[in-house]
Colleague: 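I have a structure I would like to understand better, so I am pasting it below and will then ask my questions one at a time.
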Amino acid sequence: MTNFKKLAETRYSTKQYDPTNKIPAEKIQELKQILRMSPSSLNTQPWKFTFIGNKELKTKLSKVSHHNENKIQEASHLVVFSVIDNLSILDKQIYHCLPEEKIDLFKGYLDTMTNEETRIWLSKQVYISLGFFLSACASLGIDSTPMEGIEPDAYMDILALKGYRPLFAVCIGYRDANDFNQPSKTPKSRLPLAAIIEDI
Ligand SMILES: Cc1cc2nc3c(=O)[nH]c(=O)nc-3n(C[C@H](O)[C@H](O)[C@H](O)COP(=O)(O)O)c2cc1C
């Protein structure tokens with residue numbers, strides 16, 4: 001049994017990848033299956049996960065990713081996390097996500113929000129899948145870097161995403177042995193437990 005606390009203490013945001021070390025196809029497949037299992041409010045599953053291993057496409061995306069250019073080029077894969085932007089997609093897929101008796105509850109909830117509020121609510125669900133994914137990577141011995149430093153409009157164009165909007169991306173692969181950010185070289189920095197946890 002994997003010790004989750006140990007994984008939490010040893011996973012980190014990788015800043016330098018070994019470009020020669022690719023993730024085996026079966027592990028990529030496992031990550032896809034794990035992402036599918038992410039939880040979401042009312043089981044909305046308002047996401048699209050785009051896996052990119054192709055070198056040319058990664059290079060193209062790296063150019064519209066601010067300070068993340070090198071990481072994206074060197075990592076084995078880039079995974080782009082997008083949220084439903086065209087809300088009619090949600091209206092259609094919800095019938096596959098919820099039992100019939102819960103559809104009215106769902107519609108009633110949507111009625112309490114503007115479209116913009118709905119999009120924010122849906123985006124939160126995609127962020128839940130990020131936490132799920134980073135933990136899954138750690139459990140498989142895969143290094144990762146979550147990145148909000150991307151240009152969503154440019155990503156949408158390059159990936160020809162229709163009805164979905166990229167929120168963030170994650171590099172996955174294996175660290176360069178000299179990566180300065182690994183915990184053995186740069187200890188993890190966190191607020192003290194007493195500052196963030198309250199017992200009442
Ligand atoms: C939503 C999100 C966006 C982030 N964006 C970037 C990014 O664009 N580039 C980057 O190098 N790191 C990025 N990070 C990594 C954080 O800086 C990092 O998680 C934080 O400093 C804690 O360090 P650790 O992940 O190594 O424990 C991001 C992290 C999260 C959760």
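The model shown is predicted, which means the values in this text are computed figures rather than measured ones. Atoms within a ligand are numbered from 1 in the order they appear, just like the ligands themselves.
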Colleague: Could you name each residue pair satisfying side chain to side chain donor-acceptor pair (under 3.5 Å) that touches residues 118-128, not counting sequence neighbours?
Modeller: D85-R119, E116-R119, Y127-E148
Colleague: When you measure from the side chain of Q182 to the backbone of A177, do you find a donor-acceptor pair of N or O atoms at a distance under 3.5 Å?
Modeller: yes
Colleague: Can you check whether Y174's main-chain N or O pairs, donor with acceptor, with N21's side chain at less than 3.5 Å?
Modeller: no
Colleague: Got the closest protein heavy atom to atom 7 (C) of ligand 1, with its distance?
Modeller: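 The answer is M147 CA, 3.5 Å.
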Colleague: Can you figure out which of E148, Q182, H67, K188 has its heavy atom closest to atom 3 (C) of ligand 1?
Modeller: E148
Colleague: Does the distance from a Lys or Arg side-chain N to an Asp or Glu carboxylate O, for D143 and R175, drop under 4.0 Å?
Modeller: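 Salt bridge present between D143 and R175.
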Colleague: Is H66 near ligand 1, meaning one of its heavy atoms is under 4.0 Å from it?
Modeller: no
Colleague: Counting from 1, what ligand 1 atoms have a heavy atom of G149 closer than 4.0 Å?
Modeller: 8 (O)
Colleague: With the side chain counted from C-beta on, respond yes when P183 and T186 share a heavy-atom pair under 4.5 Å apart, and no when they do not.
Modeller: no
Colleague: By number and element, which atoms of ligand 1 are closer than 4.0 Å to a non-hydrogen atom of Y12?
Modeller: 26 (O)
Colleague: Considering only non-hydrogen protein atoms, determine which one is nearest to atom 9 (N) of ligand 1 and report residue, atom name and distance to 0.1 Å.
Modeller: N68 OD1, 2.9 Å
Colleague: Do me a favour and list the nearest non-hydrogen protein atom to atom 17 (O) of ligand 1 with residue, atom name and distance?
Modeller: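 In this structure, atom 17 (O) of ligand 1 has K15 NZ, 4.7 Å as its nearest protein heavy atom.
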Colleague: Purely on distance, is any nitrogen or oxygen of T145 under 3.5 Å from one on ligand 1?
Modeller: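 N/O-N/O distance below 3.5 Å does not exist for this pair.
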Colleague: Please state which protein non-hydrogen atom is closest to atom 14 (N) of ligand 1 and give its distance, to 0.1 Å?
Modeller: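 Of every protein heavy atom, P146 O, 3.2 Å lies nearest to atom 14 (N) of ligand 1.
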Colleague: Indicate yes or no: does an N/O atom of L130 lie under 3.5 Å from an N/O atom of ligand 1?
Modeller: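 Such a contact does not occur with ligand 1.
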Colleague: Is atom 11 (O) of ligand 1 touching the protein, meaning some protein heavy atom lies under 4.0 Å away?
Modeller: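 Flag for atom 11 (O) of ligand 1 set to true, protein heavy atom closer than 4.0 Å.
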Colleague: Between N181 and ligand 1, does any nitrogen or oxygen pair lie at a separation below 3.5 Å?
Modeller: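 Min N/O separation from ligand 1 is not below 3.5 Å for N181.
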Colleague: Side chains of T145 and Y17: donor-acceptor distance under 3.5 Å anywhere?
Modeller: yes
Colleague: Do the charged groups of R165 and D153 touch, with an N to O distance under 4.0 Å?
Modeller: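 Salt bridge present between R165 and D153.
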Colleague: Taking 4.0 angstrom as the limit and counting only heavy atoms of K71, give me the atoms of ligand 1 inside it, by number and element.
Modeller: 9 (N), 10 (C), 11 (O)
Colleague: Going through the checks in order, is the side-chain contact (heavy atoms from CB on, under 4.5 Å) test met by H66 and E151?
Modeller: CA-CA 8 Å; H66 305 285; E151 295 179 32; 3.7 Å; yes
Colleague: Can you confirm if the NZ or CZ of K185 lies within 45° of the ring axis of F180 and under 6.0 Å from the centre of its six-membered ring?
Modeller: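 No, K185 does not sit over the ring of F180.
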Colleague: Is the shortest distance from a Lys or Arg side-chain nitrogen in K188 or E9 to a carboxylate oxygen in the other one below 4.0 Å?
Modeller: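 Answer for the salt bridge query: no.
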Colleague: Counting only nitrogen or oxygen atoms and a 3.5 angstrom limit, does S13 reach ligand 1?
Modeller: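 Between S13 and ligand 1 (N or O atoms, distance only) the closest approach is under 3.5 Å.
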Colleague: Quick one: are L78 and L57 in side-chain contact, heavy atoms under 4.5 Å?
Modeller: no
Colleague: Any protein heavy-atom neighbour for atom 25 (O) of ligand 1 (distance below 4.0 angstrom)?
Modeller: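 Given the 4.0 Å cut-off, atom 25 (O) of ligand 1 counts as touching protein heavy atoms.
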Colleague: Which residue and atom name correspond to the protein heavy atom nearest atom 22 (C) of ligand 1, and how close is it?
Modeller: R190 NH1, 3.5 Å
Colleague: Quick check on atom 20 (C) of ligand 1 - does any protein heavy atom sit closer than 4.0 Å to it?
Modeller: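 When distances to the protein are checked, atom 20 (C) of ligand 1 has no heavy atom within 4.0 Å.
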